[in-house]
There are 2 protein chains.
Amino acid sequence: MGKQITEMLKGTLEGIVLAIVASQPAYGYEITARLREQGFADIAEGTIYALLVRIEQRGFVDVQKVPSEKGPPRKVYSLNAQGRDYLDEFWRTWSFLADRLEQLHDEGTPS
Amino acid sequence: MGKQITEMLKGTLEGIVLAIVASQPAYGYEITARLREQGFADIAEGTIYALLVRIEQRGFVDVQKVPSEKGPPRKVYSLNAQGRDYLDEFWRTWSFLADRLEQLHDEGTPS
DNA sequence: ACTGGTAGATAGTAACGCTAAATAGCGAGA
DNA sequence: TCTCGCTATTTAGCGTTACTATCTACCAGT
């Protein structure tokens, strides 16, 4: 996968991170690690930190500073009510797009 | 749907248009109309034309000018071999992303 | 002192879709 | 004739996003 995934992630990475935080509060470094586990090997940490700043400024997450034993303090993000609403909307938008794409794909490769 | 769809379309709209052209050669105005039929009501024509210029410059489509009865000549785009390769790659990338998203969604809303 | 793992911040860049406006050809109605 | 509307394409400028690269900071082990 080349640059296609980079462009596709625009708009979806935000939802992905919100979904991760929704399942359980987490801090940036941890989120990056989880993404790598899930197959997103090439996502840079800087990308995640910038995204977290963004969703914090938009008011989708609450932040709590927690000291770490092994480095600087962690910023633990948890999804709030507004974030949940936004995530719901994200899933609706995603479903819309996925349905259309599936239809297109099926038309292109008929069984 | 607000701006989420706009961001999500980045990277996918290109594949969508390539898939449309793959199923049958088409010109810009026609592609815009088909998109509207398929539910993408808000996609501006300017977006499509710019995208077509891009995929032409990248060599994914062949172009043929065809006179129209009702206006300026049409530029009919058809997918070439290179475009087909790129479209295949697009579907692989899309499937990767869709699989991960589906997994995340299922985790978030367990039955 | 140095390396490596943990943890976060940020400036600059490229790509993409959107907005808005312009140009152009043609037919129908006032 | 003039204008409106539909067809058809082009383009400049804008906002958002992910990536690259680099920096700071803390601690443990060698």
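Quick note: numbers below take in every heavy atom, side chains included, and nothing from hydrogens, waters or symmetry partners. All of these numbers come straight from a predicted model, not from anything done at the bench. In what follows, chains are A, B, ... by sequence order, proteins preceding strands, each numbered from 1.
- L35(A) is not listed as a side-chain neighbour of D42(A), based on a closest heavy-atom distance of 4.5 Å or more.
- Going from atom CD of E45(B) over to atom C1' of dT19(C) covers 13 Å, rounded to whole Å.
- At a non-hydrogen distance threshold of 4.0 Å, Y27(B), G28(B), Y29(B) from residues 17-30 of chain B come into contact with DNA chain D.
- The distance from atom CD1 of I48(A) to atom C1' of dT10(C) is 15 Å, rounded to the nearest whole Å.
- Separating the NZ atom of K65(B) from the C1' atom of dT10(D) is a distance of 11 Å, rounded to the nearest angstrom.
- OP1 or OP2 of dT9(D) sits under 4.0 Å from a side-chain N or O of Y49(B).
- Considering only heavy atoms from C-beta on, V21(B) stays 4.5 Å or farther from L87(B) through its side chain.
- To the nearest angstrom, C1' of dT6(C) lies 13 Å from CZ of R36(A).
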Write out a two-atom table: protein N or O, nucleotide N or O from nucleotides 16-18 of chain D, distance below 3.5 Å.
residue	atom	partner	partner atom	Å
dT16(D)	O2	K10(B)	NZ	2.6
dT17(D)	OP1	R58(A)	NH2	2.9
dT17(D)	OP2	R54(A)	NE	3.4
dT17(D)	OP2	R58(A)	NH2	3.0
dT17(D)	O2	K10(A)	NZ	3.2
dA18(D)	OP1	L9(A)	O	3.0
dA18(D)	OP2	R54(A)	NH1	3.1
dA18(D)	OP2	R54(A)	NH2	2.9

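- Taking 4.5 Å as the limit, some side-chain heavy atom of E89(A) sits within range of a side-chain heavy atom of Q4(B).
- Considering only heavy atoms from C-beta on, Y86(B) comes within 4.5 Å of E14(B) through its side chain.
- The CG-C1' distance, from L52(B) to dC16(C), rounds to 14 Å in whole Å.
- Rounded to whole angstrom, the span from the CD1 atom of I43(B) across to the P atom of dT19(C) amounts to 11 Å.
- Annotation for P25(A) and V76(A): closest pair CB-CG1, 3.9 Å, computed over non-hydrogen atoms.
- Other residues, nucleotides and ligands contribute over 12 non-hydrogen atoms within 6.0 Å of the CD atom of Q38(A).
- Dashed line: the shortest gap from a side-chain N or O of K75(A) to OP1 or OP2 of dA9(C) is under 4.0 Å.
- Less than 6.0 angstrom separates the ring centroid of F96(B) from the ring centroid of F40(A).
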Item checked: Reading 5' to 3' through nucleotides 25-30 of chain D, protein heavy-atom contacts under 4.0 Å coded B for base, S for sugar-phosphate only, - for none -> BBS---
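- We find that K75(B) and E56(B) are joined by a salt bridge, their nearest charged nitrogen and carboxylate oxygen being less than 4.0 Å apart.
- To the nearest angstrom, P of dT6(C) lies 16 Å from CD1 of I31(A).
- When the P atom of dC18(C) is taken as reference, atom CG of L35(B) falls 10 Å away, rounded to whole Å.
- Salt bridge annotation for E37(B)-R34(B): absent, with no cationic side-chain nitrogen under 4.0 angstrom from a carboxylate oxygen.
- Applying the 6.0 Å contact sphere to CD of Q64(A) captures no more than 12 heavy atoms from other residues, nucleotides or ligands.
- The shortest distance between side-chain heavy atoms of W94(B) and L101(A) falls below 4.5 Å.
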